[in-house]
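Below you'll find the structure, written out as structure tokens, and then a few comments.
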Amino acid sequence: MQRLIPVLKKDAVETELIMLIRTILAACKEIAFRVSQGELAGVLGSTLDENIQGEVQKKLDVIANQLLKDMLLEEASVAAIASEEEDHAVAGNAKGHYIVAFDPLDGSSNIDVNGQIGTIFTIYRKRDDVPFDSDEQFLQVGESQICAGYVLYGASTLLVMSTGGPTRCYTLDLTHGGFLLTKQQMQVANTRNEFAVNMANYRYWHATVQHYFDQLLYADEQFDKSAMRWNAAMVGDVHRILTRGGVFMYPADRRVGNENGKIRLLYEANPLAMLIENAQGQATTQGQRIMSIMPTNLHQRVPVIIGSPEQVKGFNQTVFE
Ligand SMILES: O=P(O)(O)OC[C@H]1O[C@](O)(COP(=O)(O)O)[C@@H](O)[C@@H]1O
Ligand SMILES: [Mg+2]
Ligand SMILES: [Mg+2]
């Protein structure tokens, strides 16, 4: 089995970027260890604090955020970082070439029930037209990502990553602590049989979205073999889609604050869109490619549908045409 670094070298990834990826993964290995210790390490439960999204922070949200922040800000190549758990961009090294955004813990509501959780990360080149440590650094279209990935803390600890080429999967080998390549090229099967959505939000959806599901669930004969899956962790749902197809949806709805759904563009939608597209899937928002959207702020949300091309197309045709 090939180790991560030789694979990245074969993919002609620049050395400084390889070093940066290693640092992110060193932090994720530490997070994986803390997650596996659970109550033994006192990492379950909530803090009394809220993040900028108004969500109560879990202890592990804060621990994971601090681990990534501390390790990344020691990297000379990092000009700035942005995180779900930080209100604004945080300054690194003004001479750094890269900026890194991350969701330190995706699927936070699963932490206390030993459910699936992960860390999502994305790397861009630093912009030279705005201050090195400003929020504006991160207002770049998803197409400009030079690397995107997630680490999934499940039965195995998996790394799924693209540096612009194929989306590859690596498994953490606990015998020597390194990631080994276990899937050379992930491919989104063009299936129609699985969908992931929080159906409890049905009553808040716009009529066109309700109509899509009414058709799907009650009228579409071809769909009767289908199944609904909802991990309450986008990283887990997307991993299933990369493994066996299907779609993940988080539509906009009529509730205040949910006008653009729940998923954040910078550190959730864009990196997962890059992984899905580089595995021949599709990733859209309001009928457009997610990665073509110019962000307007760090924590902006976008309605998403991501996964098997045929299902994404079917949804967009019904809802937006
Ligand atoms: O509360 P809901 O509707 O089940 O939302 C679940 C969604 O929220 C998220 O947990 C949001 O991410 P965080 O856990 O990082 O805040 C997604 O991973 C998941 O798809
Ligand atoms: Mg998240
Ligand atoms: Mg999170």
Side-chain angles (χ1 to χ4, degrees), residues 27-28 31 34-35 43-47 49-69 81-87 100-122 148-154 160 194-205 209 213 228-242 246-255 257-273 275-276 283 285 290 298-307:
C28 290
I31 296 168
R34 306 279 183 100
V35 166
V43 298
L44 303 187
S46 296
T47 69
D49 304 319
E50 279 187 5
N51 64 18
I52 192 167
Q53 345 255 338
E55 295 160 344
V56 173
Q57 291 175 309
K58 297 280 186 179
K59 286 185 192 166
L60 260 175
D61 285 326
V62 176
I63 292 165
N65 185 56
Q66 202 59 46
L67 278 167
L68 281 155
K69 201 174 147 186
I81 61 149
S83 162
E84 177 191 359
E85 308 304 338
E86 299 285 336
D87 296 4
V100 185
F102 51 90
D103 176 354
L105 241 250
D106 183 58
S108 302
S109 67
N110 284 343
I111 295 169
D112 297 346
V113 295
N114 205 19
Q116 232 178 11
I117 47 181
T119 294
I120 308 171
F121 62 89
T122 175
Y150 60 77
V151 175
L152 186 60
Y153 310 112
V160 172
E194 268 178 351
F195 67 97
V197 72
N198 185 342
M199 214 58 195
N201 296 336
Y202 177 94
R203 71 192 119 146
Y204 304 116
W205 291 334
V209 177
F213 281 99
M228 187 187 128
R229 294 283 182 270
W230 186 245
N231 287 33
M234 187 177 180
V235 68
D237 285 307
V238 166
H239 189 71
R240 186 187 58 252
I241 291 166
L242 283 165
V247 276
F248 170 94
M249 303 162 205
Y250 213 111
D253 72 48
R254 285 176 279 124
R255 287 171 293 181
N258 267 42
E259 295 82 356
N260 289 307
K262 188 175 181 181
I263 303 304
R264 282 56 61 109
L265 177 59
L266 176 61
Y267 40 78
E268 292 173 324
N270 264 331
L272 298 174
L275 297 171
I276 287 277
T285 177
I290 288 172
L298 281 192
H299 303 287
Q300 97 185 64
R301 299 173 180 214
V302 285
V304 298
I305 172 158
I306 184 170

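Everything numeric in this text was worked out from a predicted model, so none of it was measured. Counting convention: from 1, in listed order, for ligands and their atoms alike. All heavy atoms count here, side chains included; hydrogens, waters and symmetry mates do not.
Using a cutoff of 4.0 Å between basic side-chain nitrogens and carboxylate oxygens, K69 and E85 are not scored as salt-bridged.
Checked options I305, L265, V302, I263; the residue passing with T285 is V302 (criterion: side-chain contact (heavy atoms from CB on, under 4.5 Å)). Just one of N51, D61, N65 meets the side chain to side chain donor-acceptor pair (under 3.5 Å) condition when paired with S83; it is N65.
Per-residue contacts place G107 under 4.0 angstrom from the following atoms of ligand 1 (heavy atoms of the residue considered): 10 (O), 13 (P), 14 (O), 15 (O), 18 (O). Residue contact check: N198 has heavy atoms under 4.0 Å from atoms 2 (P), 3 (O), 4 (O) of ligand 1. Each of the atoms 20 (O) of ligand 1 lies under 4.0 Å from some heavy atom of F248. Contact atoms of ligand 1 toward S108: 14 (O) (distance under 4.0 Å to a heavy atom of the residue). Heavy-atom proximity to A232, at under 4.0 Å, picks out these atoms of ligand 1: 10 (O), 19 (C). Atoms of ligand 1 lying under 4.0 Å from any heavy atom of D103, numbered from 1 in the order shown and given with element: 15 (O). Near R264, meaning under 4.0 Å from one of its heavy atoms, ligand 1 places the atoms 11 (C), 12 (O), 13 (P), 15 (O), 16 (O).
Looking at residues two or more places apart in sequence or on another chain, you find a ring pair (Phe, Tyr, Trp, His ring centres under 6.0 Å) between Y202 and W205.
If you look at the Mg ion (ligand 3), the protein N, O or S atoms less than 2.8 Å from it are E84 OE1, D103 OD1, L105 O.
Looking at ligand 1, you won't find any N or O of V235 less than 3.5 Å from one of its N or O atoms. Between I263 and ligand 1, no N or O atom pair is found at a separation short of 3.5 Å. For N201, no nitrogen or oxygen atom sits less than 3.5 Å from a nitrogen or oxygen atom of ligand 1, counting backbone and side chain alike.
Using a 4.0 Å cutoff on heavy atoms, L105 counts as a contact of ligand 1. Using a 4.0 angstrom heavy-atom cutoff, S109 does not count as in contact with ligand 1.
With hydrogens and angles ignored, the 3.5 Å screen pairs no side-chain donor or acceptor of D112 with any backbone N or O of L44. The backbone N or O of E86 lies less than 3.5 Å from a partner atom in the side chain of H299, making a donor-acceptor pair. Under the 3.5 Å distance criterion, the side-chain polar atoms of R264 are matched with a main-chain donor or acceptor of K262.
The protein heavy atom nearest to atom 3 (O) of ligand 1 is Y250 OH, 2.6 Å. If you check which protein heavy atom lies closest to atom 4 (O) of ligand 1, you get W230 NE1, 3.0 Å. The shortest contact between atom 9 (C) of ligand 1 and any protein heavy atom is with D106 OD1, 4.2 Å.
By the 30° and 60° cut-offs, the orientation of the rings of F248 relative to W230 is parallel.
By heavy-atom distance, the residue among Q53, E84, K262 lying nearest atom 5 (O) of ligand 1 is K262. When the heavy-atom distances from atom 19 (C) of ligand 1 to K58, M234, E85 are ranked, the shortest goes to M234.
Taken to the nearest 0.5 Å, the CD1 atom of I63 stands 12.5 Å off from the CG atom of L68.
More than 12 non-hydrogen atoms from other residues, nucleotides or ligands lie less than 6.0 angstrom from CZ of R255. Residue-environment remark: CG (D87) exceeds the threshold of 12 foreign heavy atoms within 6.0 Å.
When you scan the N, O or S atoms of E268 for the one nearest the Mg ion (ligand 2), you land on OE2.
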